[in-house]
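Okay, structure first, notes after.
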Amino acid sequence: MDARETLRRYLEQRRDMGERELVLDDLSVDDVMRMLGASAGAVTADPPASPRAASSPNASSDIRTTDAPPDTADWRSVLRSVDAEAAPRAPRAADTPAPPPRTVSEPDEPAATPPANAEEELVPTADAPLGIIVGSTLRETAHGPLSHLTSLDDVARAVAACTLCELCKSARNPVPGDGSPTARLVCVGEAPGESEDATGRPFVGRAGQLLTKILAAIQLTREEVFICNVLKHRPPGNRNPTPDEIAACSPYLIRQLELIRPSVILAFGAFAAQTLLDSRQAIGKLRGFEHRYHGIPLVVTYHPAALLRNPNWKRPAWDDVKLARRILDSAANA
Ligand code: URA
């Protein structure tokens with residue numbers, strides 16, 4: 001069959017499945033290049049902020065080639081290439097439960113917490129259903145215990161001096177987080193790993209390199225966002241955080257979020273999601289919703305380290321990241 005015809009059929013099939021954007025998750029870039037009769041050049045999908053229909057019968061109009069290396073524009077192509085090298089790694093976040101929930105509504109049900117102002121109708125910012133509502137539906141201060149820390153630098157200094165759990169003894173460096181104090185997006189991971197412990201900076205290892213590319217795919221740089229973790233010191237051997245460590249450390253995260261007050265929080269992995277949402281639900285149940293954390297939209301997705309291990313999660317993770325982007329865009333236009 002003619003390559004273009006094959007591609008046209010593929011796109012029709014995806015459209016019939018209800019897809020609006022071109023996400024070549026099952027076809028490799030090389031496959032598509034071959035179908036198009038091209039022999040060289042990287043293929044990138046459209047930037048997610050300006051989604052395009054994937055329904056055009058003229059398939060080549062939905063794909064563009066670029067001279068840029070594939071890893072600068074499309075993190076999915078990066079994922080494909082890192083898969084090949086992905087080393088097995090001790091499981092971390094997966095489905096380990098976090099501390100017991102406070103008052104929240106779970107996403108399987110409609111949001112149960114009534115709006116603080118009866119006049120106010122709580123509607124999702126983007127096109128995902130509302131999930132768990134933590135705190136008031138209005139943007140508010142979470143009223144954590146660290147209100148005396150009045151800047152992110154204060155938080156970092158307090159983290160550096162912290163002895164509330166044993167992790168400070170084994171860690172080489174505190175990793176409070178870094179990025180813009182006026183970030184519109186805050187990325188929250190689980191805990192520093194070896195590279196982060198060595199440098200004092202979050203997400204600088206392989207998972208961090210992937211995070212940088214995920215951000216680039218939604219037109220954000222690391223400098224524009226704020227990146228941090230639930231735990232600010234590395235658990236030895238990258239073991240899972242314990243409930244006591246999370247309880248001791250999460251006030252720093254809460255204070256960081258109070259100070260930054262971003263437009264969107266992107267929670268990577270079960271520990272970040274369960275801690276911020278006070279939920280014990282598995283990540284697969286928490287993703288796909290627009291949750292609210294003290295009025296701030298919160299999107300849950302798979303941890304970049306998990307994406308390196310499990311290619312099946314690439315597609316849903318990409319959907320989650322695009323949801324975060326849409327929420328950012330609508331917040332900017334509000
Ligand atoms: N994994 C995390 O959760 N955070 C980091 O900073 C690095 C890896």
Side-chain angles (χ1 to χ4, degrees), residues 75 78-79 82 85-98 152 155-156 159-160 162 165 167-168 170-180 183 185-215 220-223 225-243 245-246 248-250 252-254 256-257 260 265-277 282-283 286-287 298-310 313-314 317 320-321 324:
W75 63 274
V78 175
L79 283 173
V82 277
E85 304 151 21
R89 177 180 177 283
R92 275 167 56 154
D95 287 317
T96 309
L152 293 175
V155 176
V159 164
C162 184
C165 75
L167 295 182
C168 60
S170 51
R172 290 161 71 185
N173 285 297
V175 187
D178 62 24
S180 168
L185 177 80
V186 172
C187 299
V188 183
E190 176 184 323
E194 189 178 8
S195 313
E196 293 75 23
D197 185 45
T199 58
R201 298 194 58 216
F203 279 99
V204 290
R206 288 181 66 239
Q209 288 161 21
L210 179 55
L211 173 60
T212 305
K213 285 158 185 163
I214 291 171
L215 291 172
L220 289 170
T221 63
R222 286 179 70 106
E223 293 69 35
V225 305
F226 191 81
I227 302 174
C228 60
N229 288 298
V230 175
L231 293 193
K232 312 299 189 192
H233 285 101
R234 182 192 185 201
N238 293 352
R239 65 156 170 75
N240 285 339
T242 66
E245 288 160 359
I246 294 175
C249 212
S250 53
Y252 296 117
L253 171 62
I254 292 169
Q256 286 171 322
L257 293 170
I260 299 170
I265 300 167
L266 190 49
F268 286 101
F271 279 99
Q274 293 178 347
T275 300
L276 288 170
L277 295 175
I283 194 106
L286 290 174
R287 59 163 299 279
L298 185 151
V299 174
V300 169
T301 194
Y302 296 101
H303 194 287
L307 298 180
L308 292 172
R309 292 193 304 272
N310 191 338
W313 291 336
K314 294 174 201 170
D320 300 333
V321 170

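Atoms within each ligand, like the ligands themselves, are counted from 1 in listed order.
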Out of all atoms in ligand 1, which are within 4.0 Å of some heavy atom of G189? Include the element for each. 3 (O)

Just by modelled atom types, is the H233 backbone N or O under 3.5 Å from a matching donor or acceptor in the E245 side chain? no

For V155 versus Y252, what's the shortest heavy-atom pair and its separation? CG1-O, 4.0 Å

Of the choices A191, G208, G205, which has the non-hydrogen atom that lies closest to atom 8 (C) of ligand 1? A191

Can you see which heavy atom on C187 is nearest to which on F268, and at what distance? CB-CE1, 3.7 Å

Given I246, T275, V230, the one that forms side-chain contact (heavy atoms from CB on, under 4.5 Å) with P241: I246

Holding to salt bridge (Lys or Arg N to Asp or Glu O under 4.0 Å), I want the full list of residues that pass it with D320, two or more places apart in sequence or in another chain. R287

What heavy-atom pair brings P192 and N229 nearest, and what distance separates the two atoms? N-ND2, 3.9 Å

Proximal atoms of ligand 1 relative to H303 (non-hydrogen, under 4.0 Å): 1 (N), 2 (C), 3 (O)

Under 4.0 Å from a heavy atom of E190: which atoms of ligand 1 are those, numbered in the order shown and with their elements? 2 (C), 3 (O)

Checking the N or O distance criterion of under 3.5 Å, is ligand 1 in contact with P192? no

Tell me the closest heavy-atom pair linking R239 and L167, and the distance in Å. NH2-CD2, 3.6 Å

Is A305 close enough to touch ligand 1? Criterion: a residue heavy atom under 4.0 Å from a ligand atom. no

Please say whether F203 places an N or O atom under 3.5 Å from an N or O atom belonging to ligand 1. yes

Residue part near ligand 1, for E196, under 4.0 Å between non-hydrogen atoms: side chain

Output the list of atoms in ligand 1 that are nearer than 4.0 Å to some heavy atom of P202, sorted by atom number. 6 (O)

